[in-house]
Number of protein chains: 2
Amino acid sequence: MPDKPAGESTLSSVKNSLRILNSFTNEEPEKRVIDLANELQLGKSTVSRLLSTLASEGFVTKDPETQKYRLGLRILTLNSIVIANLEVNKEARPILRNLVNETGEAAHIAVLENQEVVYTEQIECSHPVRILSYVGRRNPVHCTSSGKLLYAFLDRVAIVKLLQQELKAYTPNTITDPDILKKELMEIKQAEFCYSDCEFLQDVVSFAAPIRDYTGKVIAAISLVGPKHRILKHQHSTIKNKVIKAAKEISRNLGYMA
Amino acid sequence: MPDKPAGESTLSSVKNSLRILNSFTNEEPEKRVIDLANELQLGKSTVSRLLSTLASEGFVTKDPETQKYRLGLRILTLNSIVIANLEVNKEARPILRNLVNETGEAAHIAVLENQEVVYTEQIECSHPVRILSYVGRRNPVHCTSSGKLLYAFLDRVAIVKLLQQELKAYTPNTITDPDILKKELMEIKQAEFCYSDCEFLQDVVSFAAPIRDYTGKVIAAISLVGPKHRILKHQHSTIKNKVIKAAKEISRNLGYMA
DNA sequence: CATCGCCGTTCCTCTATATGCAACGAGCTT
DNA sequence: AAGCTCGTTGCATATAGAGGAACGGCGATG
């Protein structure tokens, strides 16, 4: 199968097993061998063997009745290790909680991975009306406050790479013009703050500020999210200040002296 | 490397990559290439390549400074899928919460995987003194209330297999005699209830009852855990009843008609 | 400041191994 | 009951992964 010139040298069977794991989603948490074979363009037997290897280590489980495979409990165990060792989160949690109490809206910690934003911590708000999210969720970068903010602090190369990609429109407000986005990224870096006005989800606004480690490097973002109709214009500056304050506090706890 | 007769046919490179993932623990969340090579008896170069493949899919991350590898954020994403699709947990959470409120002690949902108990849900108690646990934790079966309970409902073959293993003593109270354990398992099945008296952790007692799906099959256990000095003898029967009641309620929500 | 030693990565060769095909078998459907 | 779909297993072949060696980067040490 000498198809892909392979961006990096990579072990194909391992890669394929990971692709299988990655292919499960909330929408399709269960799959059959043949589904995976089609989806990933692999032979039935190959997928079958990959799955049984994955199953032998608990990464997937086979439903004994439906024969379908789903992600296994091993993931829970690995997750607890990841969570326990995310330094930022430990420091952030109480401050995040406080921010949520003060503002009444949900807050997150987010980091970049590849070209996506991953939320590593979430404190929900108490309103019955909530924006659905969860730890581990991945969102695009060009239309979320945390995404834009984190990208703003990356080097020129990374930004150019982002701008070359297609900027998919999720709402009428999504910024799809590379030049406009570039300009905004520069402003964000300057302001150390980002506001997103329904650019990803309809009627949802968000605010983000950078979290720095002791070297001053931006390692994560704190973001606050809520429905637009609940967060009125005149509250914006208060919220902005609170978010920035929280971000600074977390940074300070991580050893950043500014 | 034709060492292991290989219980089941298995893809070695995939298996090794999973062994790498599994080797990370809370105690050792970061490892170097050479550590892994020694630990898993593989060549440096092999481990290096496995790791970079794992990294390319986000399953591990390399700390750019220390060169050490740790589990990656992809795990968080997979975890959210696992969690969202654990039927039992959805039904159990509110009931668990209620149980914790009534008793003041922590409660868990547990299932079996291989020869271990895995906790899939946890509600902590509000006491400052807590038994440390977390979702994803794996405990031995022969000395925990949920482990013994779940094993009690397995078939003869599985029980025999368990009894053949060495029953490691974690405390003076741990049951290490296969015959005694066998007898107790039968009693547990009869009583649909299990009590564990400091058999795994010193000064920690726990209570467990079975959760059944609509077919009547025992698919999980509910367990309540607390420090022995706080849970007095005269409270035992009340707690037992509450735990059993909670388990029945969850089972009912899963469609089990007793 | 230079040398040494450690560790991660890359290169190369060889063989073990993962793949695809085909056949088998189990479970549903009609 | 027969026919279908789908998952697993066996087998032969080509390939891709393992291991050894060498390189290169980094930090320690004298």
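Keep in mind it's a predicted model, so treat the numbers as computed, not measured.
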For residues [X] and [Y], determine if any side-chain heavy atom of one lies less than 4.5 Å from a side-chain heavy atom of the other.
| X | Y | answer |
| --- | --- | --- |
| A:N139 | A:F200 | yes |
| A:P140 | A:K168 | no |
| A:L21 | A:F59 | yes |
| A:E113 | A:R138 | yes |
| A:F24 | A:P29 | no |

May I have the distance from [X] (atom [atom1]) to [N] (atom [atom2]), rounded to whole angstrom?
| X | N | atom1 | atom2 | value |
| --- | --- | --- | --- | --- |
| A:L42 | C:dG20 | CG | P | 7 Å |
| A:L51 | D:dC6 | CG | C1' | 13 Å |
| B:L50 | C:dA18 | CG | P | 11 Å |
| A:L36 | D:dT8 | CG | C1' | 15 Å |
| B:I20 | D:dG17 | CD1 | C1' | 13 Å |

> Can you find a side chain N or O atom of B:T46 that sits less than 4.0 Å from OP1 or OP2 on D:dG19?
Replying inline: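 Affirmative; the distance criterion is met.
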>> With a 4.0 Å limit, can you tell me whether A:S12 has a side-chain N or O closer than that to the phosphate oxygens OP1/OP2 of D:dG17?
In response: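 Yes, such a contact exists.
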> If you fit an axis to the five pairs at each end of the helix from C:dC1-D:dG30 to C:dT30-D:dA1, how big is the angle between those two axes, to 10 degrees?
Replying inline: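 That helix has its two terminal axes inclined by roughly 40°.
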> So, A:R93 and A:E121, do they make that salt bridge, N to O below 4.0 Å?
Replying inline: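 Here A:R93 pairs with A:E121 in a salt bridge, since their nearest N and O are under 4.0 Å apart.
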> Could B:R212 and B:E192 be called an ion pair, given the rule that one side-chain N must be under 4.0 Å from one carboxylate O?
Replying inline: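 Counted as a salt bridge, because a side-chain N and a carboxylate O are separated by less than 4.0 Å.
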>> Give me the atom names and distance for the closest heavy-atom approach of B:I109 to B:A92.
In response: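 What the structure gives for the nearest pair is CD1-CB, 3.6 Å.
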Which protein N or O atoms sit under 3.5 Å from an N or O of nucleotides 6-8 of chain C?
{"unit_1": "C:dC7", "atom_1": "OP1", "unit_2": "B:R32", "atom_2": "NH1", "d": "3.4"}
{"unit_1": "C:dG8", "atom_1": "OP1", "unit_2": "B:V33", "atom_2": "N", "d": "3.2"}
{"unit_1": "C:dG8", "atom_1": "OP2", "unit_2": "B:I34", "atom_2": "N", "d": "3.0"}
{"unit_1": "C:dG8", "atom_1": "N7", "unit_2": "B:K44", "atom_2": "NZ", "d": "3.2"}
{"unit_1": "C:dG8", "atom_1": "O6", "unit_2": "B:K44", "atom_2": "NZ", "d": "3.3"}

>> So for B:R49 and D:dA18, does any side-chain atom that can act as donor or acceptor lie under 3.5 Å from a complementary atom in the base?
In response: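 Checked by distance alone, the answer is yes.
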> Hey, does B:S45 reach any base, or is it just sugar-phosphate, or nothing, if we go heavy atoms under 4.0 Å?
Replying inline: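 Base: the residue B:S45, judged by heavy atoms under 4.0 Å, touches a nucleobase.
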> Any side-chain donor paired with an acceptor under 3.5 Å for A:R49 and A:S45?
Replying inline: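 Looking only at side-chain atoms, A:S45 and A:R49 do form a donor-acceptor pair, the distance falling under 3.5 Å.
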